[in-house]
Amino acid sequence: MKAAELKHKGIKFKLGDKEYELKLNMNTFCELEEVYGDLNTAFDDLQNMKLKAVRALIYAAVKAEDESVSLKAIGEQLGLNDLERLGTAINEALTKAMPEVEENLGETKAT
């Protein structure tokens with residue numbers, strides 16, 4: 001999959017009193033890679049709902065809207081009771097961001 005194939009659709013989520021949009025686009029991926037060092041590891045950890053990965057993705061999403069935010073500040077706003085809600089939001093964002101796949105006689109094409 002190429003970055004250009006990603007849809008630029010996000011989902012809204014609340015963190016504290018503010019509402020943000022979780023978009024899985026190039027900016028979000030770059031921030032996530034900067035925190036993690038490797039996107040594949042980050043996504044593996046997100047699938048396993050590791051706390052570090054969830055915090056890093058939420059940080060990446062918020063940083064796209066607020067350059068002044070820090071990873072530590074995001075961690076201070078997140079609670080363990082937020083994980084289920086954010087896990088659902090992350091799954092929805094991934095579903096919306098991925099291109100639809102058309103299959104034609106054995107060939108797979110992203111649209």
Answer yes or no: is there a donor N or O on one side and an acceptor on the other, between the side chain of Thr41 and the main chain of Gly37, under 3.5 Å? no
Is it the case that more than 12 heavy atoms not belonging to Glu19 sit under 6.0 Å from its CD atom? yes
Would you give the length of the straight line joining atom CG of Asp44 to atom CG of Leu39, rounded to the nearest 0.5 angstrom? 10.5 Å
If every non-hydrogen atom of Ala53 is compared with every non-hydrogen atom of Ala42, which pair is closest and at what distance? CB-O, 4.0 Å
Minimum heavy-atom separation for Thr28 and Ala61, please, with both atom names. CG2-N, 4.4 Å
Heavy atoms of Arg55 and Leu78 approach each other most closely as CA-CD1, 3.9 Å
Rounding to 0.5 Å, atoms CG (Leu71) and CD (Glu31) come to a distance of 10.0 Å
From CG (Leu24) to CG (Leu32), nearest 0.5 Å: 9.0 Å
Minimum heavy-atom distance Leu83-Met49, with the two atoms named: O-CE, 3.6 Å
Where do Asp82 and Arg85 come nearest, in terms of heavy atoms and distance? OD1-NH2, 3.0 Å
Taking atom CG of Leu15 and atom CD1 of Ile58, what is their separation to the nearest 0.5 Å? 7.0 Å
For Lys50, is there any backbone N or O sitting under 3.5 Å from a side-chain donor or acceptor partner on Asn48? no
Heavy-atom donor-acceptor pair, Glu21 side chain to Phe13 backbone, under 3.5 Å: no
Show, in sequence, the C-alpha distance, side-chain angles and deciding distance for Cys30 and Met26, and conclude whether the side chain to side chain contact (heavy atoms under 4.5 Å, CB included) test is met. CA-CA 6 Å; Cys30 287; Met26 188 59 78; 4.1 Å; yes
Begin with the C-alpha distance, continue with both residues' side-chain angles, and end with the deciding distance and a verdict on ring-ring contact (aromatic ring centres under 6.0 Å, His included) for Tyr36 and Phe43. CA-CA 10 Å; Tyr36 246 82; Phe43 279 106; 9.3 Å; no
